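Since the structure comes first, as structure tokens, the remarks are kept for the end.
All values derive from a computational prediction rather than experimental measurement.
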There are 2 protein chains.
Amino acid sequence: MSLRHALLGLLAHGPASGYDLTRAFDGSIGRYAWHAGHSRIYPELAKMTEAGQVVVEETGPRGRKTYALTDDGRLELRRWMLHWPEQTTVRDETVLRMFLVQSLEPEDARRLLEGIAAHCADRIAELRPLMDAEDAEHSPGAQVPFGRLAGEYGLRQYEAVHGWALWSLARLGATVPG
Amino acid sequence: MSLRHALLGLLAHGPASGYDLTRAFDGSIGRYAWHAGHSRIYPELAKMTEAGQVVVEETGPRGRKTYALTDDGRLELRRWMLHWPEQTTVRDETVLRMFLVQSLEPEDARRLLEGIAAHCADRIAELRPLMDAEDAEHSPGAQVPFGRLAGEYGLRQYEAVHGWALWSLARLGATVPG
DNA sequence: CGGCACATGTAAGTAGTTACATGATTGG
DNA sequence: CCAATCATGTAACTACTTACATGTGCCG
């Protein structure tokens, strides 16, 4: 039931509507961690309200309902963040492809790995300047901007995959020289 | 429908029964990439048989059915491996927790990050010698053993997360010195 | 005043989890 | 002979996706 915790976590930064939360999932949290569409979010917010973890703090124009965490919600978020189960849910198509690289013919595998390496290099070239710019603005001692840790994680992720793809290419290349 | 492709990928290494495949998902592929239990695997194998992507190659004792890829199955696997959609499915509780670190009180965040760093260090200490041993046995020019690329990926993953946790601690530490 | 972004919901179908159910072989 | 492991399946429930459905306020 991690959708609930994703919502609690997002609401911990401040009140938001179902619409706001839906847009948040279209960003990096949805691309790297957990995705949800509005058709799941609205019913879940209703259940969370029933469970007393969130409340409708404000009703705006166009029927907008702004949800805020309750103490119970914050408590549940903290419990979940600090208490990791043995086995956590993972479902990642990209990692699955990496696991199955060796099921391809060597030429296909090489082409795939080259594609991965190039893709990672592009994303790194895109992300690194963004992070650096954010850090330049950031005065030491001030609060770390939301998303900065996640952004750094994404960047290091790409760097790791990039390094892995190059390593794998070298490793496979040895089997079919020339 | 990635379960299907996970099964096709596993069967690409050789014929296996539903039981074998179930055990495979309890290993690293299930922990890092995609998990499935037997109650999903058996119906999916039945559908794949109907679709002509696998065949029951052999029936053994205790009703064991050994499945093998057909040409169609291998073709579909290759298509899926080489053709990446814009947005791939991701659902990862651990990464979600990383995204939400900043929703915790600074002391909680620090404790969590310290826990992550320690956990990663343990896994790295465990994996590195395994990989090195495998590489020592591996004669240059021979086929790379199955799982070696995935293992390296896992290792680099842990290293990346480890580095990220330390970086984040330093970053957060600046806001609450002492 | 029209188009777009805002805003919320439900319904139908698919995928995945947990629990139920059963039986065969093998090794000690 | 009995316990563990092998081996396959179904049922009930929950979660998720895709499509359907509707209406509002704001900006140009």
Side-chain angles (χ1 to χ4, degrees), chain A residues 1-8 10-11 15-27 29-31 33-51 54-67 80 85-93 96, chain B residues 1-8 10-11 15-27 29-31 33-51 54-67 80 85-93 96:
Chain A
M1 213 178 15
S2 288
L3 169 59
R4 174 160 306 194
H5 299 106
L7 293 171
L8 290 170
L10 290 170
L11 287 172
S17 68
Y19 188 83
D20 295 336
L21 294 164
T22 303
R23 280 184 318 175
F25 280 108
D26 289 335
I29 198 169
R31 274 203 305 286
W34 204 277
H35 191 266
H38 79 273
S39 66
R40 278 284 303 148
I41 291 167
Y42 289 117
E44 190 65 28
L45 285 170
K47 275 196 210 166
M48 289 161 77
T49 304
E50 211 182 332
V54 297
V55 278
V56 178
E57 194 200 40
E58 193 188 315
T59 307
R62 291 187 266 209
R64 177 190 170 94
K65 295 184 205 166
T66 307
Y67 290 87
W80 179 81
E86 298 280 301
Q87 178 139 350
T88 60
T89 301
V90 180
R91 188 164 298 151
D92 191 322
E93 266 188 41
L96 182 56
Chain B
M1 213 180 14
S2 288
L3 169 60
R4 175 161 306 194
H5 298 107
L7 293 171
L8 290 170
L10 290 171
L11 288 172
S17 68
Y19 188 82
D20 296 336
L21 294 165
T22 302
R23 281 184 316 174
F25 279 108
D26 289 334
I29 198 169
R31 274 203 304 285
W34 204 277
H35 190 265
H38 79 275
S39 67
R40 279 283 305 147
I41 292 168
Y42 290 116
E44 191 63 29
L45 286 169
K47 275 197 209 165
M48 290 162 78
T49 304
E50 210 181 334
V54 297
V55 279
V56 177
E57 195 200 40
E58 194 187 314
T59 306
R62 292 187 263 211
R64 176 191 171 93
K65 295 184 205 168
T66 308
Y67 289 87
W80 179 81
E86 299 280 299
Q87 178 140 350
T88 59
T89 302
V90 180
R91 187 162 297 150
D92 191 321
E93 266 187 42
L96 181 57

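- Looking at which nucleotide of DNA chain C each of Glu44(B) and Pro61(A) is closest to, the 5′-most match is held by Pro61(A).
- The backbone N or O of Arg31(B) sits nowhere less than 3.5 Å from a side-chain atom of His35(B) that would complete a donor-acceptor pair.
- With respect to the salt-bridge test (charged N to carboxylate O, under 4.0 angstrom), the residues Asp20(A) and Arg64(A) qualify.
- dT10(C) atom C1' lies 16 Å from atom CG of Leu45(A), rounded to whole Å.
- Between the CH2 atom of Trp34(B) and the P atom of dC16(D) there is a distance of 12 Å, given to the nearest Å.
- Between Ser17(A) and Lys65(A), the closest side-chain pair of non-hydrogen atoms is not below 4.5 Å.
- Protein atom OH of Tyr67(A) is 11 Å distant from nucleotide atom C1' of dA7(C), rounded to whole Å.
- Side-chain contact of Thr89(A) with Glu93(B): a donor-acceptor pair under 3.5 Å is present, judged by distance alone.
- dA15(D) atom P lies 13 Å from atom CG of Leu7(A), rounded to whole Å.
- Across the protein-nucleic acid pair, Leu21(B) atom CG and dC6(D) atom C1' stand 14 Å apart, rounded to whole Å.
- For the pair Ser2(B) (side chain) and His5(B) (backbone), a donor-acceptor distance under 3.5 Å is absent.
- Side-chain contact between Leu7(A) and Tyr67(A) is absent, with no heavy atoms from C-beta onward closer than 4.5 Å.
- Nearest-nucleotide positions on DNA chain D for Gly63(A) and His35(A) put His35(A) closer to the 5' end.
- The CD-P distance, from Glu93(A) to dC16(D), rounds to 16 Å in whole Å.
- In this model, the phosphate group of dT14(D) is not approached by any side-chain N or O of Lys47(A) to a distance below 4.0 Å at OP1 or OP2.
- Nearest-nucleotide positions on DNA chain D place Thr22(B) closer to the 5' end than the other of Thr89(B) and Thr22(B).
- Between Tyr19(B) and dC6(D) there is a side-chain N or O to OP1 or OP2 distance below 4.0 Å.
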Between Ile29(B) and Leu10(B), is the side-chain contact (heavy atoms from CB on, under 4.5 Å) condition met? List the steps.
CA-CA 10 Å; Ile29(B) 198 169; Leu10(B) 290 171; 4.1 Å; yes
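- Taking 4.0 angstrom as the limit, Arg40(A) places none of its side-chain polar atoms (N or O) nearer than this to OP1 or OP2 of dT14(D).
- OP1 and OP2 of dG9(C) both lie 4.0 Å or more from every side-chain N or O belonging to Tyr42(A).
- Comparing the axis of the opening five pairs of the helix from dC1(C)-dG28(D) to dG28(C)-dC1(D) with that of the closing five pairs yields an angle of 30°, rounded to 10°.
- Distances shorter than 4.0 Å separate none of the side-chain N or O atoms of Arg62(B) from OP1 or OP2 on dT25(C).
- With rounding to whole Å, His5(A) atom NE2 is found 12 Å from dA15(D) atom P.
- Using a 4.0 Å heavy-atom cutoff across all strands shown, Arg91(B) reaches sugar-phosphate atoms only and no base atom.
- Judged by closest nucleotide on DNA chain C, His38(A) is the one of Leu3(B) and His38(A) placed further toward the 5' end.
- At the phosphate of dC6(D), OP1 or OP2 sits under 4.0 Å from a side-chain N or O atom of Arg23(B).
- A donor and an acceptor atom sit less than 3.5 Å apart, one in the side chain of Ser39(B) and one in the base of dT18(C).
- Across the protein-nucleic acid pair, Asp26(A) atom CG and dC6(C) atom P stand 11 Å apart, rounded to whole Å.
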Intermediate values then yes/no, side-chain contact (heavy atoms from CB on, under 4.5 Å), Leu21(B) and Leu11(B)
CA-CA 8 Å; Leu21(B) 294 165; Leu11(B) 288 172; 4.3 Å; yes
